[in-house]
Colleague: 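Handing you this structure, nothing more for now.
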Amino acid sequence: MSTATAPAPAAPQTLAGVPALPPGPSAPRAVQTLAWTLRTGPFLDRNRARFGDQFTIKIGDEPPWVVLSDPEAVKQVFTGDPRLLHAGEGNVILKPILGEHSVLLLDEKPHLRQRRLLLPPLHGERMQQYGELMRQVAEEEVARWPRGEPLVLQPRMQAVTLEVIMRAVFGLREGERLERLRVALRQLLDRTTSVATLMLINLIGPGKMMRVNSAIRLLDTVDQLIIEEIRERRGAGDLAERDDILSLLLQARHEDGSAMSDRELRDELMTLLVAGHETSATTLSWALERLRDGGDEYADAVLKETLRLRPVLPIVARRVKAPIEIGGRLIPAGVTLAPCIYLVHRRPDVYPEPLRFAPERFLDTKAGTYTWFPFGGGVRRCLGASFAMYEMTIVLQVMTERLRLLPARPQRERVKRRAITLVPGRGAEIVAEGR
Ligand code: HEM
């Protein structure tokens, strides 16, 4: 019998003890995978109630996942040695699309090497330069919405955030190539994020999935368009005056003085395009579904509360490379530690009445690094967190300035799984009326 199914030990294992996994459900792997995939929240809640703040689950053909919902343990993971805790390895599921150089897939030195170059365009003043673009894209979108009839927000928000990230990445100039890229990218993402695709990935592994799935053709198209754009931009005479992310990355240099190769650029741009829009679109859809014409005075608090109760990703993952003490237990090498965003965000000792949507929570109190982490943490914290908060605040403001948003139906929407993200069940259905 594996240690994962053993009853909880009387005393926690310590460094002096043998590495051991915390207890967890004994249901067969296939049953756990199904519950995780289709009913993520209830599955996590149930295990937390039964086994406490640390439990072990078995998903797909993955090594055991040790789910952590104690903020202290989360802190240990986020501040732990990145050589012992690999995040890139756990993201291999994304490799066929993002490519081997993607910052999301790398670990240790190669990871920091890419991260160093990607950080500046996404922060501070650089990032704020995109504010006008964000507002303009949101205004254009809102102007097209029908008034007084039900409207599904998720695809509209995706259109907004895809447009914003595409223009931030490639620059403002519109061209036929960008139009083709927009269409191909949308199709590719639609194809690869259904529950069916996720199940398939779990069953046969990401490499094989891309071979059997017609997505491969779309991916070729997207690749070709991005590479063409990179090559053309390399030769642009006005590179130094441009402030789009591609132009900035073309001028950036690694510590050894080398520039990013076409392949590196392709993989990082793809990473930003993929990581940088669906997540924000989903959060915006949830914010508006939860908010229901609540006004925009507290956009920042509303977004934080939305990300607390409706985090886009339920966990982040770190693969353990050598035994490491977490939460008073020596965790063996080879397993995945999973700081659980979903469960920590619902702790009643941190958030009284945790299920209540109450943006006021974040008006006077700063969000805690290890109790609010929708963007993950440590050296892997989301590179687009500031960009996303800035963009979502602007879009939310535009929407609530221009429109009164009413629920299309009285019932709240349930959480639905879309590949690795959690989205509103009916896509956030609202009725928009002019102000
Ligand atoms: C509401 C919006 C978003 C959410 C909830 C979100 C969430 C996350 C999470 C949970 C991680 C993993 C962190 C970890 O493992 O500790 C991550 C990583 C990442 N995100 Fe985001 N993200 C959002 C928007 C964005 C945007 C807009 C961009 C780009 C413009 C972006 C780019 C990235 C990148 C590049 C990484 C990899 C960082 C690394 O491995 O070092 N994300 N994001």
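First listed ligand is number 1; within each ligand, the first listed atom is number 1.
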Colleague: Considering residues at least two apart in sequence or located in another chain, which fulfil the side-chain hydrogen bond (donor to acceptor under 3.5 Å, both in side chains) criterion with Gln129?
Modeller: none
Colleague: Apply side chain to side chain contact (heavy atoms under 4.5 Å, CB included) to Arg356 and list each qualifying residue two or more places apart in sequence or on a separate chain.
Modeller: Glu353, Ala358, Glu360, Arg361
Colleague: Should Arg318 and Leu68 count as side-chain neighbours, where that means a heavy-atom distance under 4.5 Å?
Modeller: no
Colleague: Using the ring of each side chain (for Trp, its six-membered ring), is Trp372 parallel, tilted or perpendicular to Phe375, with breaks at 30° and 60°?
Modeller: perpendicular
Colleague: Does the plane of the ring in His345 sit parallel, tilted or perpendicular to the ring in Phe373? Use 30° and 60° as the thresholds.
Modeller: perpendicular
Colleague: List, pair by pair, the atoms of ligand 1 and of the protein that are both N or O and lie under 3.5 Å apart, giving the separation rounded to 0.1 Å.
Modeller:
| from | atom 1 | to | atom 2 | distance (Å) |
| --- | --- | --- | --- | --- |
| ligand 1 | 15 (O) | Arg318 | NH1 | 2.9 |
| ligand 1 | 15 (O) | Arg318 | NH2 | 3.4 |
| ligand 1 | 16 (O) | Arg318 | NH2 | 2.7 |
| ligand 1 | 16 (O) | Gly377 | N | 3.0 |
| ligand 1 | 40 (O) | Arg380 | NE | 3.0 |
| ligand 1 | 40 (O) | Arg380 | NH2 | 3.0 |
| ligand 1 | 41 (O) | His111 | NE2 | 2.7 |
| ligand 1 | 41 (O) | Arg115 | NH1 | 2.7 |

Colleague: Under the rule for side-chain hydrogen bond (donor to acceptor under 3.5 Å, both in side chains), what residues qualify as partners of Lys304, not counting sequence neighbours?
Modeller: Asp300
